[in-house]
Amino acid sequence: MRGTPSAVHTVLKIGGGLLEAVTAFRRGRRLVVVPGGGPFAEAVREMFKRAKIGEDAAHWMAVLGMDQYAHALAARIPDAVLVDGAGGVAAALQAGRLPVLAPYGWLRAADPLPHSWDVTSDSIAAWFAGALGARRIVLIKPADGEHKKLVDSHFLRALPSGVEHLIVTADDLGQLDVALREDPERERRGGRRADQAL
């Protein structure tokens, strides 16, 4: 789907437990929210260790955790609507609403990524940026940890060529508005790739 016109400009991945980031939405932005796994994914990690459920089961259970967090985000963000596919994203944006993607159904049908703990919601959001033809992905991350370790090890392989990526940490949400701006002039000049946090 890359290279075709898209209603989506930016994929915004909101890490689990960062509900305070929901204030960033402004009407008129061509934005889709992809949820992290948050406490739901952590519960899967625990079960993986204790019950030895295997990576395939753990992968899909963690993606279902993203669906659960999508419900929480859609309930908290004004004008948000829960969607599960490209048609729902387009319809929400056309109606002036913010699409929050529950990814399980779409991912299960496409199954584009390895079933491994190397793939987290970061890589999943990167894949959706490509599937939706987005120009940018913004990852909201917890403040702890070094920036270079904030994404999973599969992220750069899942990120389509030419998609700008930015990281905003929870202790600097003031930068989120800047990260979400749509600058047609900059895009005509080719933009820039950001390999580090703002």
Side-chain angles (χ1 to χ4, degrees), residues 1-16 18 29-45 47-48 53-74 77 80-95 97-141 150-167 180 193:
M1 197 181 240
R2 292 289 314 144
T4 61
S6 172
V8 176
H9 181 277
T10 304
V11 167
L12 175 64
K13 185 254 170 168
I14 300 180
L18 296 175
R29 285 187 168 153
R30 296 170 295 156
L31 179 68
V32 61
V33 171
V34 173
F40 308 107
E42 286 307 312
V44 174
R45 281 184 192 274
M47 183 170 237
F48 177 76
I53 57 175
E55 289 192 332
D56 284 338
H59 174 76
W60 294 119
M61 290 169 68
V63 175
L64 283 167
M66 293 173 67
D67 272 23
Q68 290 180 295
Y69 192 47
H71 281 271
L73 289 171
I77 303 172
V81 60
L82 193 70
V83 299
D84 62 5
V89 170
L93 290 173
Q94 190 169 9
R97 299 190 68 187
L98 176 67
V100 177
L101 184 62
Y104 179 82
W106 190 348
L107 274 181
R108 187 76 192 203
D111 200 7
L113 299 166
H115 301 178
S116 145
W117 288 111
D118 291 337
V119 173
T120 68
S121 55
D122 296 339
S123 289
I124 291 169
W127 183 83
F128 277 117
L132 291 166
R135 295 186 179 116
R136 178 184 306 143
I137 179 171
V138 176
L139 306 171
I140 302 178
K141 292 289 200 165
L150 285 177
V151 296
D152 67 55
S153 61
H154 192 78
F155 177 77
L156 291 177
R157 283 174 274 173
L159 186 71
S161 175
V163 174
E164 179 181 29
H165 56 286
L166 305 167
I167 296 171
L180 295 179
R193 241 177 122 94

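This is a predicted model, so every value here is computed, not measured.
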Closest heavy-atom pair, Ala125 versus Val11, reported as atoms and distance to 0.1 Å, is O-CG1, 4.0 Å
Inter-residue atom distance Leu139.CG - Thr120.OG1, 0.5 Å rounding:
9.0 Å
Passes side-chain contact (heavy atoms from CB on, under 4.5 Å), Val89 versus Phe128? Steps please.
CA-CA 11 Å; Val89 170; Phe128 277 117; over 6 Å; no
Measuring from atom CG of Leu73 to atom CG of Leu101, what distance do you get when rounded to the nearest 0.5 angstrom?
11.5 Å
Of all residues at least two apart in sequence or in a different chain, which pass the ring pair (Phe, Tyr, Trp, His ring centres under 6.0 Å) check with Tyr104?
Trp60
How would you list, by chain and number, every residue that makes a side chain to side chain contact (heavy atoms under 4.5 Å, CB included) with Glu42, sequence neighbours excluded?
Arg45
Here the pair of heavy atoms bringing Leu82 nearest to Ala102 is CD1-CB, 4.1 Å
Which distance, rounded to the nearest 0.5 Å, do you find between the CG of Asp118 and the CG of Leu113?
11.5 Å
Side chain to side chain contact (heavy atoms under 4.5 Å, CB included) against Phe40, all qualifying residues, sequence neighbours excluded
Gln68, Tyr69
Counting only pairs under 3.5 Å, give me each side-chain donor-acceptor contact of residues 31-39, with atom names and distances, residues two or more places apart or in other chains.
none

Derivation and outcome, side-chain contact (heavy atoms from CB on, under 4.5 Å), residues Val63 and Arg108
CA-CA 9 Å; Val63 175; Arg108 187 76 192 203; over 6 Å; no
Before giving the answer on side-chain contact (heavy atoms from CB on, under 4.5 Å), spell out for Leu107 and Trp127 the whole-Å C-alpha distance, their side-chain angles and the decisive distance to 0.1 Å.
CA-CA 10 Å; Leu107 274 181; Trp127 183 83; 4.0 Å; yes
Main-chain N/O of Phe155 paired to Asp122 side chain as donor or acceptor, under 3.5 Å:
no
Before giving the answer on side-chain contact (heavy atoms from CB on, under 4.5 Å), spell out for His9 and Arg136 the whole-Å C-alpha distance, their side-chain angles and the decisive distance to 0.1 Å.
CA-CA 6 Å; His9 181 277; Arg136 178 184 306 143; 3.5 Å; yes
Could you work out, with side-chain hydrogen bond (donor to acceptor under 3.5 Å, both in side chains) as the rule, every residue matching His115, not counting sequence neighbours?
Asp56, Asp111
Residue list, side chain to side chain contact (heavy atoms under 4.5 Å, CB included) with Ser121, at least two apart or on another chain:
Lys13, Met66
Spacing of CG belonging to Leu93 relative to CZ belonging to Arg30, to within rounding of 0.5 Å
9.0 Å
Holding to side-chain hydrogen bond (donor to acceptor under 3.5 Å, both in side chains), I want the full list of residues that pass it with Thr10, two or more places apart in sequence or in another chain.
none
For a 4.5 angstrom cut-off between non-hydrogen side-chain atoms, does Met61 reach Ile53?
yes
If every non-hydrogen atom of Trp106 is compared with every non-hydrogen atom of Ala86, which pair is closest and at what distance?
CZ3-N, 3.5 Å
What pairs of residues pass the salt bridge (charged side-chain N to carboxylate O under 4.0 Å, His left out) test when at least one of them lies in residues 60-69, not counting sequence neighbours?
none
Identify the two heavy atoms, one from Ala126 and one from Ile137, that lie closest to each other, and give their separation to 0.1 Å.
N-CD1, 3.5 Å
Of all residues at least two apart in sequence or in a different chain, which pass the side chain to side chain contact (heavy atoms under 4.5 Å, CB included) check with Ala90?
none
